[in-house]
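For reference, the structure is listed below as C-alpha cells.
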Amino acid sequence: MFFGKVIGTIWATRKNPALEKLKMLLVQPVDSSRASTGAPIIAVDTVGAGSGETVCYVTAREATIPLPDSFAPVDAAIIGIVDRIDPEVIETM
Amino acid sequence: MVLGKVIGTVWATRKDENLTGMKFLIVRHIDLEYRLKDQYVVAVDSVGAGVGEVVLVASGSSARQTEVTKNKPVDAVIMAIVDKLDLTD
C-alpha cells in the first residue's frame with residue numbers, strides 16, 4: 001500500500017467493460033510527509049476520493065479485489081482517504 | 001495503470017502459441033503534458049487502440065484479467081483509450 005495525492009481525473013469511453021461506471025483518478029505518489037515520490041499513476045477510485053486529497057492505494061492484482069467486478073485489468077485502486085499521518089520516529093539503536 | 005501513447009506495432013510469427021491472434025502495440029510512457037518519456041512497453045491491445053492514441057496500460061498479473069489475455073503469458077495490456085485528462089493540481 002502506498003500514499004498518494006489525487007491530482008486529476010481520466011475520462012475514457014472506450015475501455016474494458018469491467019471499468020464501466022468506475023472513476024479513474026490521477027494519483028501522484030507521496031511519502032509520509034506528503035512529498036512527491038515517483039511518476040504519477042492512474043488508480044481506480046473505490047472510496048469516493050476527491051482531487052487534492054491524500055489517499056492510500058493498493059497495486060498489482062490485489063487492486064482488483066475491491067472492484068464490483070474483480071475480473072478487471074486494474075493494477076492500482078484507491079482504498080482509503082487519509083485523515084492524519086503520525087509517522088513514529090524509530091530511534092536507531 | 002500508466003499513461004502512454006501508441007507509437008507502433010510489433011509483428012512476430014514465431015512466438016508462444018498462446019499468443020496467436022493478439023495485437024502487440026508499442027506504448028511509450030507520456031507525462032501529464034503528453035510529452036514522450038523514455039520508458040516504453042510492448043502491450044497487448046484489448047480495446048482496439050490505434051497508433052497515435054493515448055491509452056492506459058495495466059501491468060503485472062492484472063494484465064491477464066481480460067477476455068483476450070486470460071491465461072496467456074501477457075504482463076501488459078491496453079485496457080482503455082483516454083478521451084480526456086483533467087488536471088486539478
Side-chain angles (χ1 to χ4, degrees), chain A residues 2 4-30 34-36 38-46 49-55 57-79, chain B residues 1-6 22-23 25 27-41 43-50 52-89:
Chain A
F2 299 98
K5 183 180 174 214
V6 177
I7 59 171
T9 307
I10 296 277
W11 307 95
T13 33
R14 269 160 64 203
K15 60 193 169 187
N16 183 281
L19 291 165
E20 289 305 334
K21 292 190 285 299
L22 293 181
K23 222 166 55 169
M24 292 191 282
L25 299 179
L26 205 54
V27 176
Q28 168 59 56
V30 295
R34 290 183 167 84
S36 295
I41 59 149
I42 289 90
V44 170
D45 175 34
T46 70
S51 126
E53 288 192 305
T54 302
V55 293
Y57 66 91
V58 65
T59 58
R61 171 122 169 22
E62 285 68 27
T64 62
I65 294 171
L67 305 184
D69 171 3
S70 63
F71 184 69
V74 167
D75 63 13
I78 295 170
I79 44 104
Chain B
M1 283 69 76
V2 292
L3 212 53
K5 187 170 197 173
V6 179
M22 286 192 192
K23 213 167 79 175
L25 296 180
V27 180
R28 194 126 168 231
H29 290 204
I30 56 174
D31 66 19
L32 302 183
E33 279 80 38
Y34 292 95
R35 290 183 301 236
L36 295 177
K37 289 164 71 171
D38 291 339
Q39 306 102 310
Y40 71 89
V41 65
V44 170
D45 174 36
S46 75
V47 283
E53 289 195 295
V54 175
V55 295
L56 289 188
V57 175
S59 311
S61 303
S62 305
R64 289 189 286 106
Q65 308 264 91
T66 74
E67 286 314 319
V68 174
T69 57
K70 199 165 48 174
N71 304 324
K72 302 283 178 35
V74 170
D75 66 355
V77 69
I78 295 171
M79 30 62 82
I81 296 171
V82 175
D83 297 330
K84 202 159 88 81
L85 185 154
D86 272 343
L87 271 180
T88 49
D89 197 15

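Closest approach of B:T88 and A:G8 over heavy atoms only: OG1-N, 3.7 Å. The heavy-atom pair separating B:V47 from A:R14 by the smallest distance is O-NH2, 3.9 Å. The two residues A:F71 and B:E67 make their nearest non-hydrogen contact at CE2-OE2, 3.4 Å.
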request  = Step by step, work out the side chain to side chain contact (heavy atoms under 4.5 Å, CB included) result for A:I42 and B:V2.
outcome  = CA-CA 6 Å; A:I42 289 90; B:V2 292; 5.7 Å; no
ask   = Between B:L56 and A:M24, is a side chain to side chain contact (heavy atoms under 4.5 Å, CB included) present by the stated rule, with each step listed?
value = CA-CA 10 Å; B:L56 289 188; A:M24 292 191 282; 3.6 Å; yes
request  = With side chain to side chain contact (heavy atoms under 4.5 Å, CB included) as the test, would you mind laying out the steps for B:S59 and A:D75 before giving the verdict?
outcome  = CA-CA 6 Å; B:S59 311; A:D75 63 13; 3.9 Å; yes
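Contact residues of residues 78-86 of chain B toward chain A are B:M79, B:A80, B:I81, B:V82, B:D83, B:K84, B:L85, B:D86 (heavy-atom distance under 4.5 Å).
Most heavy-atom pairs under 4.5 Å with chain B, from the set A:K15, A:R61, A:E62: that is A:R61. Options A:T9, A:T59, A:N16 differ in how many heavy-atom pairs under 4.5 Å they form with chain B, and the most are formed by A:T9. When B:T69, B:L32, B:V77, B:V55 are compared by the number of non-hydrogen pairs under 4.5 Å with chain A, B:L32 comes out ahead.
When heavy atoms are compared at a cutoff of 4.5 Å, B:V57 approaches chain A solely by way of its backbone atoms N, CA, C and O. Proximity to chain B is limited to the side chain of A:T64, based on heavy atoms less than 4.5 angstrom apart. Only the backbone of A:S70 comes within less than 4.5 Å of a heavy atom of chain B; no side-chain atom from C-beta onward does. For A:L19, the part sitting under 4.5 Å from any heavy atom of chain B is the side chain, from C-beta outward, and nothing else. Only the side chain of B:E53 has a heavy atom closer than 4.5 Å to any heavy atom of chain A. If you measure heavy-atom distances from A:A72 to chain B, the contacts under 4.5 Å come from the backbone alone.
Considering only residues two or more places apart in sequence or on other chains, B:R64 meets the side chain to side chain contact (heavy atoms under 4.5 Å, CB included) condition with B:S61.
Counting heavy atoms from C-beta outward, B:L3 and A:I10 have side chains that approach closer than 4.5 Å. Contact check for A:P73 versus B:T66: side-chain heavy atoms found under the 4.5 Å cut-off. Taking 4.5 Å as the limit, every side-chain heavy atom of A:I41 sits out of range of all side-chain heavy atoms of B:M1.
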